[in-house]
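Take a look at the structure set out below.
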Amino acid sequence: MTNTIFRTKRVEQSILDTEEPEHALKKSLSALDLTVFGVGVIIGTGIFVLTGTVAKNNAGPAVALAFVAAGVACALAALCYAEFASTVPVAGSAYTFSYASLGELPAWIIGWDLVLEFALGTAVVAVGWSGYVQSLMDNAGWEMPAALGSREGADGFGFDILAAALVLVLTVILVLGMKLSARITSVVVAIKVAVVLTVIVAGAFLIEADNYDPFIPKQQAVDAGESLQAPLIQLMFGWAPSNFGVMGIFTAASVVFFAFIGFDVVATAAEETKNPQRDMPRGIIGSLLICTTLYVLVSIVVTGMQHYSELSVDAPLADAFKATGHPWYAGFISFGAAVGLTTVCMILLLGQTRVFFAMSRDGLLPRFFSRVHPRFKTPHRPTILLGVIIAILAGFTPLTELAALVNIGTLFAFVVVAIGVLVLRRTRPDLHRSFRTPWVPVIPILSVCASLWLMINLPAETWIRFAVWMLAGFVVYFLYGRNHSRLATGEELSAGDAVKPPRGDTE
């Protein structure tokens with residue numbers, strides 16, 4: 001049984017699967033497209049909301065250092081993702097990488113994890129987008145009926161029709177093709193980056209140096225509170241991270257990490273990239289560097305405009321401009337946030353459909369979902385199925401408390417990918433790697449440690465919910481996936497087959 005559940009799928013087989021006409025995705029993306037996708041999904045509610053929360057409660061003006069710490073953790077993971085995505089340019093991201101290095105059961109676990117991460121992420125962002133749009137509508141004098149604008153309408157019934165509609169529209173766009181998705185994303189990202197740059201440039205003239213005093217506020221102990229609400233590290237070791245002080249910066253980093261979620265989604269588009277060996281590392285690392293720089297600058301400006309103790313928790317950027325007598329900028333920021341969240345939602349949905357597609361092509365999920373559209377060459381079946389399910393979730397289900405599952409799911413994927421780099425270096429040293437993670441094994445080990453540190457700072461209840469989802473995944477795998485896997489049915493290259501390099505391979 002051990003040999004069965006830890007069987008690996010050869011990289012050559014994964015690449016050959018992308019050549020099957022009925023299961024092949026269209027290659028249309030460039031390095032610029034990938035970078036735009038990365039920036040489009042990373043810049044979202046995190047920077048527009050979390051800056052005020054962590055500055056006020058955890059780090060003060062040193063929230064800029066928290067963004068740096070979280071960015072470093074992501075950068076370590078990004079180097080590992082870049083090696084895998086350029087070596088195994090196949091849809092599925094961490095799922096595909098795990099299948100090639102750790103085995104079928106670990107691959108299933110990470111795939112199951114990513115399905116949850118992207119689904120909840122898409123639904124949560126859609127609900128946030130709906131809130132921004134309704135706020136703008138209220139300012140214009142238009143009011144949504146209560147039953148259609150929230151989950152608490154008349155007679156206890158409510159359906160967030162805007163959130164659901166957004167998901168369905170984006171589903172149609174993804175079915176029509178990746179190039180169309182990239183063009184729409186480029187326009188929206190341009191608007192979103194313009195808003196962020198406006199905050200930085202305009203806010204720089206409103207900075208008061210006194211607001212930075214103290215830059216790192218005096219350390220305060222965290223009240224234990226209810227045990228399940230406390231970070232897991234408190235339950236494990238009997239102590240809790242501190243608010244403010246140096247430890248407060250690391251506590252804040254585990255929170256602002258949410259603002260970086262999404263750069264790993266770029267790796268799910270490897271199979272649809274014209275030259276993945278060259279462009280995947282550029283897209284992954286480039287988008288992360290751009291966003292980290294913008295985040296640090298925004299946090300420095302906002303905490304300089306208004307004292308950290310007075311920052312708004314709900315809309316810190318917009319309210320900071322209101323507090324300094326510039327309400328026009330506040331409206332512009334709200335508009336940019338609403339527009340920008342559309343790309344976050346679309347790219348998270350894109351990531352989920354590609355993971356689902358890859359799992360079905362391997363037989364771990366029904367093969368019915370692995371056939372691409374004859375004209376658009378997109379995985380239309382899983383895209384439509386998941387789009388409808390997520391639209392329902394976004395319309396009916398309160399997901400605020402489940403949002404932390406997105407964090408833990410991403411960090412878990414980071415750990416698996418970093419370990420996978422070490423394993424594949426040892427088991428397949430013969431593979432051509434267009435991009436090689438530097439300083440192996442130091443970088444992957446640091447990536448694992450950084451991700452685990454952020455994970456244990458998450459609430460214990462998040463771990464409990466995550467464990468329940470993983471348990472359900474084990475049940476599905478042993479009842480269906482293990483017996484229907486293509487490796488189980490013998491659809492695999494023979495040992496004597498020659499190594500076939502990926503298409504578009506360049507030095």
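Note that this is a predicted model, so its numbers are computed, not measured. Numbers for residues simply follow the sequence, beginning at 1.
Minimum interatomic distance between A91 and A358 (heavy atoms only, all atoms of both residues): O-CB, 3.3 Å. Counting all heavy atoms, side chain and backbone alike, Y480 lies closest to G363 at CE2-O, 3.8 Å. Between V36 and V189 the shortest heavy-atom distance is O-CG2, 3.7 Å. The two atoms that bring R367 and S360 nearest to each other are CD-O, 3.2 Å, heavy atoms only. The two residues V256 and A66 come nearest to each other via the heavy atoms CG2-O, 3.8 Å. Of all the heavy atoms in V167 and C345, the pair that sits closest is CG2-SG, 4.2 Å.
For the atom pair CG of L120 and CH2 of W469, the computed distance is 8.0 Å after rounding to the nearest 0.5 Å. Of the inter-residue distances, the one linking I42 atom CD1 with F37 atom CZ reads 13.0 Å to the nearest 0.5 angstrom.
Remark: the backbone N or O of V339 is paired with a side-chain donor or acceptor of T342 at under 3.5 angstrom. With hydrogens and angles ignored, the 3.5 Å screen pairs a side-chain donor or acceptor of H380 with a backbone N or O of H373. With hydrogens and angles disregarded, a donor-acceptor distance shorter than 3.5 Å links the side chain of T437 to the backbone of L79. In this structure, the side chain of S287 does not engage the main chain of G38 through any donor-acceptor pair within 3.5 Å. In this structure a side-chain-to-backbone donor-acceptor pair under 3.5 Å is present from T122 to F118. In this structure a side-chain-to-backbone donor-acceptor pair under 3.5 Å is present from T378 to V175. The backbone N or O of F368 lies less than 3.5 Å from a partner atom in the side chain of R381, making a donor-acceptor pair. Judged by distance alone, the side chain of E272 and the main-chain N or O of K26 form no donor-acceptor pair under 3.5 Å. Counting only distance, with no hydrogens or angles, the side chain of T489 and the backbone of R486 share a donor-acceptor pair below 3.5 Å. Judged by distance alone, with hydrogens and angles left aside, the side-chain atoms of T87 form no donor-acceptor pair with the main-chain N or O of F84 at under 3.5 Å.
Proximity of Y295 to I43: side-chain heavy atoms (C-beta onward) are separated by under 4.5 Å at one or more points. Side-chain atoms of S101 and T8, non-hydrogen and from C-beta on, never get closer than 4.5 Å to each other. Taking 4.5 Å as the limit, every side-chain heavy atom of F357 sits out of range of all side-chain heavy atoms of T383. Using a 4.5 Å cut-off on side-chain heavy atoms (C-beta onward), R282 and L34 make no contact. Between F414 and Y81 there is a side-chain heavy-atom pair separated by less than 4.5 Å. With contacts defined as side-chain heavy-atom distances shorter than 4.5 Å, the pair L162/L166 does not qualify. Residues V440 and L422 have side chains in contact (heavy-atom distance under 4.5 Å, counting atoms from C-beta outward). Between F435 and I285, the closest side-chain pair of non-hydrogen atoms falls below 4.5 Å.
Residues R354 and E271 are not paired through a salt bridge, judged by the lack of any N-O separation under 4.0 Å between the basic side chain and the carboxylate.
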- Check the pair L431, E12 against side-chain contact (heavy atoms from CB on, under 4.5 Å), reporting the backbone distance first and the verdict last. CA-CA 10 Å; L431 285 177; E12 293 81 7; 3.9 Å; yes

- Test I110 against F97 for side-chain contact (heavy atoms from CB on, under 4.5 Å), laying out the working first. CA-CA 10 Å; I110 197 65; F97 309 156; over 6 Å; no

- Task: Give the C-alpha distance, both sets of side-chain angles, the deciding distance and a yes or no for side-chain contact (heavy atoms from CB on, under 4.5 Å) between V388 and T171.
- Result: CA-CA 8 Å; V388 171; T171 298; over 6 Å; no

- Verify salt bridge (charged side-chain N to carboxylate O under 4.0 Å, His left out) between E83 and R425, making sure each step is shown before the conclusion. CA-CA 10 Å; E83 175 170 325; R425 283 283 188 98; 2.9 Å; yes

- Query: Can you list the steps and then say if E104 with F6 is a side-chain contact (heavy atoms from CB on, under 4.5 Å)?
  - Reply: CA-CA 5 Å; E104 186 171 278; F6 287 104; over 6 Å; no

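Residues F396 and F159 place their aromatic rings such that the two centres sit under 6.0 Å apart.
Annotation: Y477, atom OH; neighbour count of heavy atoms from other residues, nucleotides and ligands within 6.0 Å is above 12.
Side chains of S130 and D160: a donor-acceptor N/O pair is present below 3.5 angstrom, by distance only. Side-chain atoms of S14 and D17 include no donor-acceptor pair closer than 3.5 Å.
In this pair, W108 and W112 present their aromatic rings parallel. The plane angle is below 30°, not in the 30 to 60° band.
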